[in-house]
Amino acid sequence: MTVQHFNGFTPLPQYPTPEMPDDAYNAAAYATTAAYPVMIAEMSNAAAIVENNANHSTQQANAASNSAQTAADRLVDVQTAANGAFAAANYKGEWSTLSGALNVPATVTHLGRLWYLKLNLANVASQAPALGSTYWGEVSRNDFTVLPCPAGTTNAADRGLYRMTAATSVLLLPAAPWHGMVVAAANVSGTLTPVISRNGKTICGDAEDYVMNVLGWQIVLQYDSVSGDWMRVSGVTAFTVAQPAIGTANNWTAAQNFLGGLNMNGSPVVSRGSNANGEYVQFGNGTQICAVDLTFSSAINVADGSLFLSPAVAAWTFPAAFNAVPKVIGQPTGNGAFAMYPVSDSVTTTTVDGVYLVSSSSRTSATRRVTRMAIGTWK
């Protein structure tokens with residue numbers, strides 16, 4: 001298809017006007033009517049030329065776009081080939097096997113990566129290749145190896161992109177990661193419970209395991225040996241699922257574990273449960289509330305001045321431990337009016353002493369109930 005040219009329209013004769021004498025009007029009208037078929041033919045021809053040229057422009061634009069993409073792909077190929085050629089031409093071997101002086105240009109392998117020497121070294125063994133090193137730089141590489149992370153625990157390896165495919169998937173970060181190590185994960189389990197275990201380090205500044213509780217969520221983490229923290233790498237994606245925003249590029253808070261999970265009055269709830277010692281609720285901001293109804297049989301008949309006391313009752317082991325001593329309150333309920341006061345002020349992170357029931361008159365043994373509540377923090 002080629003560009004076509006249009007030579008213009010044939011000028012029309014003079015139009016008839018009311019001021020003309022009849023003979024002149026008739027002649028002008030006839031000439032104008034006779035010119036219409038020529039004009040229509042020329043307009044059709046012009047339309048065909050315009051359509052042809054528009055199609056030609058579209059073809060050229062598509063060709064240009066394809067050429068640009070091909071050029072971009074070729075640039076990546078060229079860069080990859082250049083990196084490979086550079087590495088192959090100057091490769092000196094595994095760094096740990098080298099000793100003595102090493103001069104630029106030189107490349108070595110270390111911890112599964114390829115490094116190039118930036119400055120001459122009098123003793124190559126004195127400077128281990130690492131990200132941020134004055135002497136070494138990593139030969140550019142952006143590839144990840146896609147690996148499974150099924151039910152159970154999977155040990156994370158450098159440059160691994162782990163597909164967490166089960167509700168119980170746990171990706172265990174290494175206990176002794178090296179500076180610059182990179183690990184990626186994506187939640188493709190269909191659940192909100194896969195976990196990245198920090199294994200003694202911090203993740204995005206938080207001393208807590210990272211719960212992958214957003215479907216399709218992906219994250220890339222790189223270890224920083226200076227801070228001892230696994231930092232989030234921004235802008236690295238391996239899946240097309242839309243990602244929710246983390247507050248800042250390299251900062252993550254525990255509360256963000258719980259987006260999309262159970263919420264109570266707009267606040268995320270980490271866990272709610274019960275056992276033989278009562279029930280508890282743990283909130284994402286660290287607050288914990290424990291409560292229990294304690295039922296027992298007791299008389300209130302020990303004389304104390306003008307009042308009568310029960311034996312010590314309603315000692316309580318919390319259904320979930322606190323990480324600091326909580327505040328404890330209580331209320332007697334049922335079977336007549338009576339009050340109570342604590343046996344002691346002894347409260348720990350797991351237990352609280354009992355109370356004395358108090359009455360203005362002696363009471364025989366009966367089934368009684370005390371409700372107790374503790375409020376504090378669980379983390």
Side-chain angles (χ1 to χ4, degrees), residues 73-150 152-164 170-186 196-204 210 218-238 250:
D73 293 341
R74 180 58 56 85
L75 177 59
V76 172
D77 292 340
V78 169
Q79 290 173 332
T80 301
N83 289 336
F86 174 78
N90 304 284
Y91 182 64
K92 305 301 181 183
E94 178 67 25
W95 173 81
S96 61
T97 66
L98 302 178
S99 61
L102 186 65
N103 295 328
V104 176
T107 57
V108 300
T109 47
H110 179 56
L111 296 173
R113 296 191 180 187
L114 186 63
W115 308 86
Y116 66 92
L117 187 63
K118 296 189 285 186
L119 297 172
N120 293 343
L121 274 172
N123 180 8
V124 64
S126 67
Q127 295 290 334
L131 295 178
S133 168
T134 301
Y135 293 90
W136 296 100
E138 186 184 9
V139 176
S140 61
R141 173 185 171 201
N142 293 310
D143 57 310
F144 282 83
T145 301
V146 179
L147 298 169
C149 184
T153 299
T154 300
N155 293 321
D158 181 47
R159 295 282 185 178
L161 170 57
Y162 291 90
R163 301 178 72 254
M164 308 181 86
V170 176
L171 182 61
L172 181 64
L173 297 174
W178 51 276
H179 182 73
M181 184 176 181
V182 178
V183 175
I196 301 177
S197 176
R198 65 189 183 90
N199 202 4
K201 307 300 181 182
T202 58
I203 299 178
C204 300
Y210 191 107
Q218 58 185 306
I219 191 167
V220 181
L221 300 171
Q222 185 170 48
Y223 185 67
D224 175 40
S225 62
V226 176
S227 61
D229 182 50
W230 286 93
M231 304 172 68
R232 181 183 177 222
V233 180
S234 299
V236 178
T237 58
N250 288 319

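Quick note: residue numbers are just sequence positions, from 1.
- In this structure the side chain of His110 reaches within 4.5 angstrom of the side chain of Glu94, judged on heavy atoms.
- The SG atom of Cys149 sits 11.0 Å away from the CG atom of Leu161 when rounded to the nearest 0.5 Å.
- Using a 4.5 Å cut-off on side-chain heavy atoms (C-beta onward), Ile196 and Trp230 make no contact.
- In this structure the side chain of Pro148 never reaches within 4.5 angstrom of the side chain of Thr154, judged on heavy atoms.
- What you find for Gly160 and Leu147 is that their closest heavy atoms are CA-CD1, 4.1 Å.
- Checked against side-chain hydrogen bond (donor to acceptor under 3.5 Å, both in side chains), Thr153 has no partners two or more places apart in sequence or in another chain.
- Between the CH2 atom in Trp95 and the CH2 atom in Trp136 there is a gap of 8.5 Å [rounded to 0.5 Å].
- In this view, Thr202 and Asp229 satisfy the side-chain hydrogen bond (donor to acceptor under 3.5 Å, both in side chains) rule, not counting sequence neighbours.
- How far CZ of Arg159 is from CE of Met181: 11.0 Å, rounded to the nearest 0.5 Å.
- Contact of the Pro129 side chain with the Thr109 side chain is not registered, since no non-hydrogen atoms from C-beta on lie closer than 4.5 Å.
- Between Lys92 and Thr107, the closest side-chain pair of non-hydrogen atoms is not below 4.5 Å.
- At a threshold of 4.5 Å between non-hydrogen side-chain atoms, the residues Pro174 and Tyr223 do not count as touching.
- Separation of atoms CD1 (Ile219) and CG (Leu171) is listed at 11.0 Å; rounding is to 0.5 Å.
- Between Gln222 and Gly180, the closest heavy-atom pair is NE2-O, 3.2 Å.
- The aromatic rings of Trp178 and Trp115 lie perpendicular to each other, with more than 60° between the two planes, well past the 30° mark.
- We find the CG-CG distance between Asn103 and Asn120 to be 4.0 Å, quoted to the nearest 0.5 Å.
- Side chains of Asp158 and Val182 form a contact here, defined as non-hydrogen atoms less than 4.5 Å apart.
- One finds the OG atom of Ser225 at 9.5 Å from the NZ atom of Lys201 (value rounded to the nearest 0.5 Å).
- Within the 3.5 Å criterion, the main-chain N or O of Val124 finds no donor-acceptor partner in the side chain of Tyr135.
- The heavy-atom pair separating Lys118 from Thr134 by the smallest distance is CE-O, 3.4 Å.
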